[in-house]
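Here's the structure we're looking at; comments come further down.
Computation of the quantities below employed the complete heavy-atom set of this structure, encompassing side-chain atoms and omitting hydrogens, waters and symmetry-equivalent molecules. Below, chain A is the first sequence line, B the second, and so on; all start at residue 1.
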Protein chains: 2
Amino acid sequence: MLAFLSRVDGAMNSNGDGMAQARETGTLGKLMVLLDLVTHADGPLRFTDILALAGQPRGTLHRQLSHMVEEGLLELDGDGRYAPGLRLLDFAARSWARNEFRLIAEPHLADLQQATGETVHLGVLRGQSIIYLDKVDGRQPVRMYSQIGNASPCYCTGVGKAALSLLPADRLADLLADLSFTRFTAATHVSAETLLAEIREIAVEGYAFDREEHEAGIRCVAAPVWSEDRTFIGGISITGPAYRLSMELLRQWAVPVQRAAGQIMEGMRIRLGPRR
Amino acid sequence: MLAFLSRVDGAMNSNGDGMAQARETGTLGKLMVLLDLVTHADGPLRFTDILALAGQPRGTLHRQLSHMVEEGLLELDGDGRYAPGLRLLDFAARSWARNEFRLIAEPHLADLQQATGETVHLGVLRGQSIIYLDKVDGRQPVRMYSQIGNASPCYCTGVGKAALSLLPADRLADLLADLSFTRFTAATHVSAETLLAEIREIAVEGYAFDREEHEAGIRCVAAPVWSEDRTFIGGISITGPAYRLSMELLRQWAVPVQRAAGQIMEGMRIRLGPRR
DNA sequence: AATTAAGTTCCAAATAATGGAATAACGCCG
DNA sequence: CGGCGTTATTCCATTATTTGGAACTTAATT
């Protein structure tokens with residue numbers, strides 16, 4: 001049911017500088033396409049399935065898949081079906097555990113959750129997607145992976161639009177040019193024009209809303225966050241059901257969200273020093 | 001504080017079988033060594049650091065790192081330091097979300113948590129490490145990534161020893177021959193002999209204990225779990241502080257843990273059919 | 001047993017990776 | 001500002017790996 005994300009994330013390494021230069025990553029690039037293919041599929045794929053999707057010669061594909069299985073990036077079950085490898089979990093767990101941005105943001109996310117009682121997210125822009133780095137849910141032990149690590153479109157999430165408002169005009173234009181819109185709800189932006197208009201507004205106001213644009217019945221208010229070296233461009237948000245979060249309430253919450261965002265950025269300055 | 005894990009997990013792809021058939025994964029293998037290097041480091045690494053650790057020519061290394069950054073496997077910050085890439089999170093989130101074994105086990109883990117009130121883990125053997133696939137903690141919203149995805153040594157965890165008890169003698173011998181022991185506590189096995197003796201016992205009894213072997217003050221009881229095609233060999237465990245979990249209590253809990261393990265395996269049979 | 005489909009192995013040709021050295025950028029200090 | 005040590009990046013002939021078509025093996029079907 002989340003299969004549509006494939007589109008979105010697949011475009012993640014579009015280096016959209018106008019001319020669409022095919023990626024220059026040699027052998028690795030080809031293997032990553034395969035990894036993308038398998039991880040984005042709805043279930044395990046057999047050799048022939050991948051062969052059809054990848055459009056490569058049999059011999060080549062076979063060696064590539066074998067190497068990836070050998071390295072633990074993919075797993076091959078008893079029925080000859082390929083699935084994402086669990087070694088990826090180990091890599092990701094380490095990537096996440098030591099991420100400076102997340103570590104610094106953590107306490108401020110918790111504060112914001114306490115203050116509002118609603119779910120708080122931290123996300124960063126990667127390519128055209130928002131990758132969620134953290135989530136604090138007020139209620140019972142949440143299945144964290146359910147959100148952390150997930151990639152969502154930038155054009156229909158609060159964090160995404162907040163992030164876009166930070167981009168310089170030229171980078172924003174490039175990104176929008178490469179963007180393809182999928183309508184998730186009646187409120188989803190489906191054209192660069194309306195999106196750009198809202199982003200301009202967000203850049204002025206300093207906060208963004210998601211007016212049930214990604215999921216019906218879910219609203220949020222978000223504020224942009226960035227690191228000084230611009231490695232991280234993203235945002236934090238408070239998310240909840242529309243029946244509980246009126247637009248008026250969200251407007252009030254813009255203040256604490258912006259304050260938390262400011263504290264996180266201040267924390268980065270202190271921690272990482274004034275370099276660059 | 002968990003930095004010591006680096007050592008241990010590093011051994012996951014140690015091909016240290018005396019003479020070491022060098023891995024036959026071509027270019028990919030070389031890149032994975034680098035990814036391992038960066039993800040296992042204590043912090044971001046500069047080019048020169050990696051150069052020293054990898055022992056490769058400058059030109060080669062530079063191109064390799066560039067490709068990996070381009071693909072999102074690594075990230076390069078403003079100070080020229082390499083860190084694990086966030087794209088790994090997206091891969092891992094997908095790998096985890098659709099893992100059949102975990103999906104089937106989930107409700108039984110929750111049951112077991114309810115019955116005992118203590119923390120429940122699900123892990124599988126990958127190489128010489130146990131990778132934790134799931135965790136159910138009774139108390140407050142836990143930072144899930146803190147455990148899920150983490151790789152721990154097989155020789156000093158309940159799940160690990162339970163998993164080892166499932167291996168046929170020859171595979172077990174191979175694995176033990178390659179194993180290098182790190183003493184974490186006074187109770188840690190540090191020789192293949194004593195470990196093998198305990199594993200034999202576990203194979204008879206059908207359950208394993210961790211008697212504060214990995215972390216002082218932490219005990220657990222575990223039972224082996226495997227899929228019919230042997231793709232997954234692992235276990236589930238109940239873990240908690242020694243002051244609350246006497247060895248006597250753990251012995252009593254062996255029964256419900258084994259029952260839950262049985263239910264999970266039954267679930268796999270039904271779900272995946274009697275193939276292979 | 002015959003037939004089709006699915007997966008695996010082989011090897012000359014094409015391509016990408018290699019690695020030593022030259023070049024460029026940075027950071028520090030006088 | 002200019003020089004010096006450090007660090008990072010680019011270049012290109014050589015070398016090793018990947019490529020891809022076809023032959024081969026294995027498994028499933030009738």
Item to check | Near-ring test B/Tyr82/B/Phe47, centroid separation under 6.0 angstrom | outcome: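 Aromatic pair excluded; centres sit 6.0 Å or further apart.
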Next on the checklist: At under 4.0 Å between heavy atoms, how does the protein contact nucleotides 10-30 of chain D? Give one character per nucleotide, 5' to 3', with B, S or -.
Outcome noted: B------SSBBB---------
Checklist entry - Would you call A/Glu266 and A/Arg259 a salt bridge, taking side-chain N to carboxylate O under 4.0 Å as the test? => result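 Salt bridge: no.
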Item to check | Ion pair check, B/Asp36 and A/Arg94, cut-off under 4.0 Å | outcome: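 No, this pair does not count.
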Checklist entry - Within the pair A/Thr48 and C/dA5, is there a side-chain N or O less than 4.0 Å away from OP1 or OP2? => result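 So the side chain of A/Thr48 is outside the cut-off, no N or O lying under 4.0 Å from OP1 or OP2 of C/dA5.
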Next on the checklist: Does any part of the side chain of B/Leu61, heavy atoms only, come nearer than 4.5 Å to the side chain of B/Gln64, both counted from C-beta?
Outcome noted: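 Side-chain contact under 4.5 Å: yes.
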Next on the checklist: With heavy-atom distances below 4.5 Å as the criterion, would you say the side chains of A/Trp226 and A/Met265 are in contact?
Outcome noted: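 A side-chain contact exists here, since the closest heavy-atom pair is under 4.5 Å.
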Checklist entry - Which of parallel (below 30°), tilted (30 to 60°) and perpendicular (above 60°) describes A/Phe232 and A/Phe101? => result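 Answer is parallel, since the angle falls under 30°.
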Measure [atom1]/[X] against [atom2]/[N] and give the value in whole Å, please.
{"X": "A/Glu24", "N": "C/dA17", "atom1": "CD", "atom2": "C1'", "answer": "13 Å"}
{"X": "B/Ile50", "N": "D/dT9", "atom1": "CD1", "atom2": "P", "answer": "11 Å"}
{"X": "A/Phe47", "N": "C/dA5", "atom1": "CZ", "atom2": "C1'", "answer": "13 Å"}
{"X": "B/Leu65", "N": "C/dA17", "atom1": "CG", "atom2": "P", "answer": "14 Å"}

